[in-house]
Amino acid sequence: MSLFQYDFMQRAFVAALIVGIISPLIGVFLVQRRLALLGDGMGHVALTGVGLAFLVGSAPIPTALVVAALGAVILEVIRARSRTAGDLALALVFYGGIAGGVFLTTLAGGKATTSLNQYLFGSLSTVSASDLIGLGVAAAVVIVVLAVFGRELFAMSLDSELAQVQGIRTTLMSTLLTVMAAISVVVGMRTVGLLLVSAIMIVPIAAAQQLTRSFTVTAMIGVALGLISTVAGLTSSYYLDVPPGPTIVLIALAIFVLAGLAGFGIRRRGRLIGR
Amino acid sequence: MTTIFSLTEGCVDYDGNHALHDVDLTINRGEFVAVLGDNGSGKTTLMRALLTLTPLDHGYLTIDSLPEARFREWNDIAYVPQRLLSAGAVPVSVAEVVATTSISSRTRFQWWSRSRKAAVRTALEQVGLWERRNDRLDTLSGGQQRRVLIASALAKGATVFILDEPTAGVDAENQELIAETFRMIRDQGGTVILVTHELGTFTDLATRVVILDHGRVSYDGPAPGPKRAHDHGVHHSEDLRPSEPPSTLFGTAGGDV
């Protein structure tokens, strides 16, 4: 394919593959906990990190990682320590995140305001070689955490009280999951963009669960659909000359609609996919 | 006899109302305790307090003779809730739910071992749902889902069971199956704490009955059921409703404390 002759496209594809794998793996836990919008909020918070990076001239990905992870911890503390309802705590952190991001970016002035768009909706040309290293490390961290704590995260997501009675430290697990969501948001911010990155965590899972009957299989099919969405979305973005975020998300949504129709037929025949 | 739970002057307030008021309760290993009471009597709050899910506003709880905050052997205590808190969000198979209870920080790297698989199978067979192991939990009836949760508790390999209305919505035949399972657990020296508004099939199993009324213990004593069951050899639940003193056992007015 001709689009692979460009280095920037090769890098964009590697980044998209990482996003397609990581995001649904975190998303499946968020959907189970009914926190589908958490990724959105983490995207807003990461924007403050990007703004901060513009202002002080640091690298955007590590700065956004640190700020989003801090935001995740603050969110969990607000939720655990106060009687604030979960969604209200989310709202408070989100507003602060987006306001801070735009404020800091504007203060930085110059090129920063124009490149803000690339962070909001993704861009084909901005993934640098050093970005790829950052994304790879962040993705590796997510995979290792899931390998070690995935089962405890599953138990906590299924029933936090039952998990607590098993001696699982549910507050710790909940914080870990939110920090993982923050990391995967930053991983997706270059290709999908901060405003849409949460969709690639949630929509492939929403599509997969139309077809499946177990959590593990839902996660695996979610990853497959996530990969199809990011790769197809990136390709069409190249040919249509539009930002990749919207094409990736529209393709994921189209897959969701198809899966919904297929699931309807499958359920009527009682042949959902599982082990 | 070793004590598993000891609650001293336990108080829990919800918005200024006493859900539990000065409750003293000691439960020993090997007991089969039925905690009875009407809706709002505080029986669920008492159960949650024992599980440390609801913090005490006043009072002191020890588990296995340790202050609750220092108790670590949660693998030994199995809790059967009425339903899962977030079931139905993502499809979850019956086998996945049953295997969940064997997840802990200690078994982090050996969770899906052969013995765990065998425990899941045995537990599902005990509740008669092994054939449904690969089905989505939310395609099962309410009563079947409850049996899945009981299987989860059994698969945990615990010796102490806390059951919240385990037979509500379960048909008569499977109530017998569940009761038989817990009879076996009792006979093997296990501890069962059953929170319910009616004893039903458990009538001849309970060795002790605790009745709560408006957050206070209104009766704590032996269950007449087992004696009668053994004396007369009858097993029909209608016959086994504790008859002495019936007004105290099943009435709402306060009786002996």
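Atoms considered below: every heavy atom in the structure, side chains included; atoms not considered: hydrogens, waters and symmetry mates. What you see is a predicted model, and the numbers here were worked out from it, not measured in a lab. In what follows, chains are A, B, ... by sequence order, proteins preceding strands, each numbered from 1.
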Trainee: Does atom OH (B/Y14) have a neighbourhood of more than 12 heavy atoms from anything else shown, all under 6.0 Å?
Mentor: yes
Trainee: Using non-hydrogen atoms and a limit below 4.5 Å, what part of residues 52-60 of chain B faces chain A?
Mentor: B/T52, B/L53
Trainee: Give, for atom OG of A/S214 and atom CG of B/D135, the distance between the pair rounded to the nearest 0.5 Å.
Mentor: 11.0 Å
Trainee: If only atom types and distance count, is the side chain of A/R213 paired as donor or acceptor with the main-chain N or O of B/P91 below 3.5 Å?
Mentor: no
Trainee: Would you mind checking which part of B/R48 comes under 4.5 Å of any heavy atom in chain A, side chain (CB onward), backbone (N, CA, C, O), both or neither?
Mentor: side chain
Trainee: Does any backbone or side-chain atom of A/T218 lie under 4.5 Å from a heavy atom of chain B? Answer side chain, backbone, both or neither.
Mentor: side chain
Trainee: Would you compute the distance between atom CG of A/D159 and atom OG1 of B/T101 and round it to the nearest 0.5 angstrom?
Mentor: 11.5 Å
Trainee: Of all the heavy-atom pairs spanning B/E96 and A/F154, show the shortest one and how long it is.
Mentor: O-CE2, 4.0 Å
Trainee: Report which part of A/S157 has an atom under 4.5 Å of a heavy atom belonging to chain B: side chain, backbone, both, or neither.
Mentor: backbone
Trainee: A/L158 and side-chain contact (heavy atoms from CB on, under 4.5 Å): which single residue from B/V90, B/L85, B/V97 fits?
Mentor: B/V97
Trainee: With a 4.5 Å heavy-atom cut-off, do A/Q32 and B/V92 have their side chains touching?
Mentor: yes
Trainee: Between atom CG of B/L51 and atom CD of A/Q164, what is the distance when rounded to the nearest 0.5 Å?
Mentor: 9.0 Å
Trainee: Counting a contact as any heavy-atom pair under 4.5 Å apart, which residues of residues 19-31 of chain A contact chain B?
Mentor: A/V28, A/V31
